[in-house]
Colleague: 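Encoded as structure tokens, here's the structure I'll be asking about.
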Number of protein chains: 2
Amino acid sequence: MTELLTRNILNHISLSKKELDNFCDLFNHKKVLKKSFLLHEGEICKFEGFVTKGLFRVFHVDQNGFEQVLYFAQENWWITDIDSFTNKQPSQLYIQALEDSEVLLISKKDKEFAYINIPKIEKLFRVMTQKTHIALQRRMIDNLSKTADQRYIDFIKKYPNLFQRLTNLQIAAYLGISHEFLSKIRRKIASK
Amino acid sequence: MTELLTRNILNHISLSKKELDNFCDLFNHKKVLKKSFLLHEGEICKFEGFVTKGLFRVFHVDQNGFEQVLYFAQENWWITDIDSFTNKQPSQLYIQALEDSEVLLISKKDKEFAYINIPKIEKLFRVMTQKTHIALQRRMIDNLSKTADQRYIDFIKKYPNLFQRLTNLQIAAYLGISHEFLSKIRRKIASK
DNA sequence: TTCATTTATTGAACTTGTTCAATGTTTTGA
DNA sequence: TCAAAACATTGAACAAGTTCAATAAATGAA
């Protein structure tokens with residue numbers, strides 16, 4: 001059940017078998033049906049999750065009812081609203097399964113327990129947060145400097161596998177454009 | 001010399017006097033004149049810095065020669081290119097002083113020394129990276145969901161002090177719009 | 001102080017992306 | 001299997017933001 005998780009962790013830091021087991025025991029397995037939510041706007045996010053199966057989207061709904069996708073999380077990815085989780089504030093985000101999915105969840109309390117009792121876990125999350133931050137920093141630069149066409153082409157190249165599992169609606173919400181405009185971009189690219 | 005730094009650290013985690021001193025001793029003080037660079041694109045970023053005086057901008061130059069500001073760092077802020085620093089890759093960024101400034105710099109080697117010899121430092125950077133990431137996540141959502149007018153108004157409200165120290169050119173490069181358009185936004189707002 | 005440089009403003013033409021409404025296509029679930 | 005729902009495409013009118021060029025204002029260095 002926690003095979004994928006242990007491999008993911010060992011990819012970031014090294015940990016003894018015992019430390020690994022102790023840490024993995026803190027997670028609870030949960031099935032999440034397609035379209036159902038792990039988190040709603042306004043709730044306080046009380047978990048950090050590791051996706052073992054399926055696909056999620058983490059998104060925001062703005063004043064005009066438009067959705068923006070902060071990120072997608074498929075197998076082997078982590079999900080949470082780090083803002084709400086860390087600051088115990090109502091979330092601005094929704095987390096929803098786009099396919100029938102499964103996650104391993106750790107509560108805030110158990111995570112804090114791990115920080116204290118398995119010192120290397122501190123490093124694990126330091127390293128993971130760094131990587132997540134670097135990815136977001138790159139995306140920020142791209143969003144500031146590139147045109148929607150280019151961002152779409154980059155997206156396909158970077159996440160060929162996500163591209164196949166997502167609708168254009170979801171991709172447009174990630175790129176920050178309307179799905180109609182994405183459709184026009186696709187036509188333009190196809191006609192080349 | 002390291003007063004501001006120690007206060008900043010204690011704001012994130014608690015540390016004994018000795019731990020603090022040992023850590024702070026790893027930093028070197030440096031003066032940076034207005035307009036000069038701490039980091040150029042293509043270089044590998046070998047430091048993490050804490051600003052004790054002045055103001056920096058961290059920016060990217062795109063294919064068309066336009067500049068996008070990733071963030072500004074004034075007194076009490078940290079600066080680095082975490083991507084280049086962590087992955088030892090050539091930086092895509094420039095870091096430049098916008099005023100005569102002073103920083104405390106720690107090298108990669110000394111930072112790693114600290115991780116090993118002062119365990120709490122692991123937590124310090126875990127917490128700091130989390131906060132930075134949360135801030136960037138909020139900005140990403142704003143950039144995806146808000147109009148340039150609103151982002152400008154938000155910027156002034158959130159960073160009144162930076163607003164006064166920056167030219168409209170720099171603010172436009174942060175908001176991701178041309179400075180001409182910012183000028184038009186300002187006129188529109190002023191006329192209300 | 002003065003002159004050169006940088007910064008800010010403005011208008012006109014243009015490009016990128018949105019909105020809305022209509023139509024066609026695919027997926028889903030009873 | 002078939003109707004309903006969700007998704008995708010298209011065009012036309014519109015809005016947001018850019019580009020370019022000209023001018024004015026502010027700043028800085030000698």
Side-chain angles (χ1 to χ4, degrees), chain A residues 33-36 54-55 57 59 61-69 72 96-101 142-156 162-192, chain B residues 33-36 54-55 57 59 61-69 72 96-101 142-156 162-192:
Chain A
L33 288 180
K34 181 171 177 172
K35 290 193 186 172
S36 61
L55 176 58
R57 63 171 178 146
F59 68 104
V61 180
D62 69 22
Q63 291 179 325
N64 306 314
F66 290 102
E67 299 176 355
Q68 294 90 34
V69 170
F72 300 107
Q96 186 187 29
L98 292 173
E99 303 173 359
D100 288 345
S101 304
D142 284 355
N143 266 270
L144 289 172
S145 63
K146 290 178 178 168
T147 171
D149 299 41
Q150 196 54 54
R151 297 206 303 278
Y152 178 62
I153 294 168
D154 290 354
F155 182 85
I156 297 174
L162 274 182
F163 167 67
Q164 291 188 340
R165 292 165 83 174
L166 292 168
T167 64
N168 291 335
L169 230 82
Q170 297 307 330
I171 295 174
Y174 179 88
L175 297 176
I177 57 177
S178 67
H179 68 280
E180 293 97 332
F181 188 55
L182 176 54
S183 197
K184 285 157 197 172
I185 289 174
R186 285 161 53 78
R187 178 175 41 166
K188 204 172 73 184
I189 291 173
S191 76
K192 278 180 187 164
Chain B
L33 287 182
K34 180 170 177 172
K35 291 192 184 173
S36 60
L55 175 58
R57 63 171 179 148
F59 68 104
V61 180
D62 69 23
Q63 293 177 325
N64 306 313
F66 290 102
E67 299 177 356
Q68 294 90 32
V69 170
F72 300 105
Q96 186 187 31
L98 292 173
E99 303 174 358
D100 288 345
S101 303
D142 284 355
N143 266 271
L144 289 172
S145 63
K146 291 179 178 168
T147 171
D149 299 42
Q150 195 54 54
R151 297 206 304 277
Y152 177 62
I153 293 167
D154 290 354
F155 182 85
I156 297 174
L162 273 182
F163 167 67
Q164 292 189 339
R165 291 165 84 173
L166 292 168
T167 63
N168 291 335
L169 231 81
Q170 297 306 331
I171 294 173
Y174 179 89
L175 298 176
I177 57 176
S178 68
H179 69 280
E180 294 95 333
F181 189 55
L182 177 54
S183 198
K184 284 158 198 172
I185 290 174
R186 286 161 52 79
R187 178 175 42 167
K188 204 171 73 185
I189 291 173
S191 76
K192 279 181 185 163

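We name chains A, B, ... by the order of the sequence lines, and we start the count at 1 in each one. Here the structure is a predicted model, which means the values were calculated and not measured. The analysis underlying the following values was restricted to heavy atoms, covering all of them including side chains, and did not include hydrogens, waters or symmetry mates.
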Colleague: Using whole Å, what does the distance between atom C1' of nucleotide C/dG17 and atom OH of A/Tyr152 come to?
Modeller: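 Spelled out: OH on A/Tyr152 to C1' on C/dG17 is 16 Å.
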Colleague: Rounded to the Å, how far apart are B/Leu33 CG and D/dG28 P?
Modeller: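 About 14 Å, once rounded to whole Å.
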Colleague: How many whole angstroms separate atom NZ of A/Lys188 from atom P of D/dT9?
Modeller: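 Result: 15 Å.
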Colleague: Should the ring pair B/Phe155 and B/Phe72 be called parallel, tilted or perpendicular, given that the plane angle runs from 0 to 90° and is split at 30 and 60?
Modeller: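 Answer is perpendicular, since the angle exceeds 60°.
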Colleague: Would you indicate which nucleotide in C/dT10, D/dT9, D/dG11 comes nearest to any side-chain atom of B/Ser183?
Modeller: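 Within the option list, the nearest is C/dT10.
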Colleague: What's the CD-P distance between B/Gln170 and C/dT6, to the nearest Å?
Modeller: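 Distance check: B/Gln170 CD to C/dT6 P gives 13 Å.
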Colleague: Does any pair with a residue in residues 164-173 of chain A pass salt bridge (charged side-chain N to carboxylate O under 4.0 Å, His left out), and if so which ones, sequence neighbours excluded?
Modeller: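 Salt bridge (charged side-chain N to carboxylate O under 4.0 Å, His left out) check on residues 164-173 of chain A returns A/Glu75-A/Arg165, A/Glu99-A/Arg165.
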Colleague: Send over the distance from B/Asn168 CG to D/dT27 C1', rounded to a whole Å.
Modeller: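 Whole-Å distance recorded here is 14 Å.
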Colleague: Check the distance between C/dT18's C1' and A/Gln68's CD and give it to me in whole angstrom.
Modeller: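 Going from A/Gln68 (CD) to C/dT18 (C1'), I get 14 Å.
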Colleague: How does protein contact run along nucleotides 17-25 of chain D, one letter per nucleotide 5' to 3', with B for base contact, S for sugar-phosphate only, - for none, heavy atoms under 4.0 Å?
Modeller: BBBB-----
Colleague: In whole Å, I'd like the distance from the CZ atom of A/Arg187 to the P atom of C/dG24.
Modeller: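 Going from A/Arg187 (CZ) to C/dG24 (P), I get 16 Å.
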Colleague: Does a nitrogen or oxygen in the side chain of A/Lys34 sit under 4.0 Å from OP1 or OP2 of C/dT28?
Modeller: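 Yes, because at least one side-chain N or O of A/Lys34 sits under 4.0 Å from OP1 or OP2 of C/dT28.
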Colleague: So, using side chain to side chain donor-acceptor pair (under 3.5 Å) as the criterion, who are the partners of B/Asp62 when residues are at least two apart?
Modeller: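 By the side chain to side chain donor-acceptor pair (under 3.5 Å) rule, B/Asp62 matches B/Gln68.
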Colleague: Between A/Asp100 and A/Lys34 (side chain of the first, backbone of the second, donor and acceptor by atom type, cut-off under 3.5 Å), is there such a pair?
Modeller: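 Side chain of A/Asp100 to backbone of A/Lys34: a pair is present.
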Colleague: May I ask you to decide if the ring planes of B/Tyr152 and B/Phe163 are parallel, tilted or perpendicular, using 30° and 60° as cut-offs?
Modeller: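 Taking B/Phe163 first and then B/Tyr152, their aromatic rings stand perpendicular (interplane angle over 60°).
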Colleague: Mark yes or no for whether A/Ser178, through its side chain, and A/Phe181, through its backbone, hold a donor-acceptor pair below 3.5 Å.
Modeller: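 A pair under 3.5 Å: yes.
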Colleague: Restricting to salt bridge (Lys or Arg N to Asp or Glu O under 4.0 Å), what partner residues turn up for B/Arg151, sequence neighbours left out?
Modeller: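 Scan of B/Arg151 (salt bridge (Lys or Arg N to Asp or Glu O under 4.0 Å), adjacent residues dropped) gives none.
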Colleague: Is B/Gln96 reaching over with its side chain to a backbone N or O of B/Lys35, donor-acceptor style, under 3.5 angstrom?
Modeller: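 Yes: the side chain of B/Gln96 pairs with the backbone of B/Lys35.
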Colleague: Between the axis at one end of the helix from C/dT1-D/dA30 to C/dA30-D/dT1 and the axis at the other (five pairs apiece), what's the angle to 10 degrees?
Modeller: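 Axis-to-axis angle, ends of the helix: 60°.
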Colleague: Atom CD of A/Gln150 and atom P of C/dG17: how far apart are they, to the nearest Å?
Modeller: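 That distance rounds to 11 Å.
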Colleague: May I ask you to evaluate whether A/Arg186 reaches the phosphate of D/dT9, defined as a side-chain N or O under 4.0 Å from OP1 or OP2?
Modeller: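 So the side-chain polar atoms of A/Arg186 do come within 4.0 Å of the phosphate oxygens OP1 or OP2 of D/dT9, strictly under.
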Colleague: Quick one: list whatever passes salt bridge (Lys or Arg N to Asp or Glu O under 4.0 Å) with A/Glu180, sequence neighbours left out.
Modeller: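 For A/Glu180 there are no salt bridge (Lys or Arg N to Asp or Glu O under 4.0 Å) partners, ignoring immediate neighbours.
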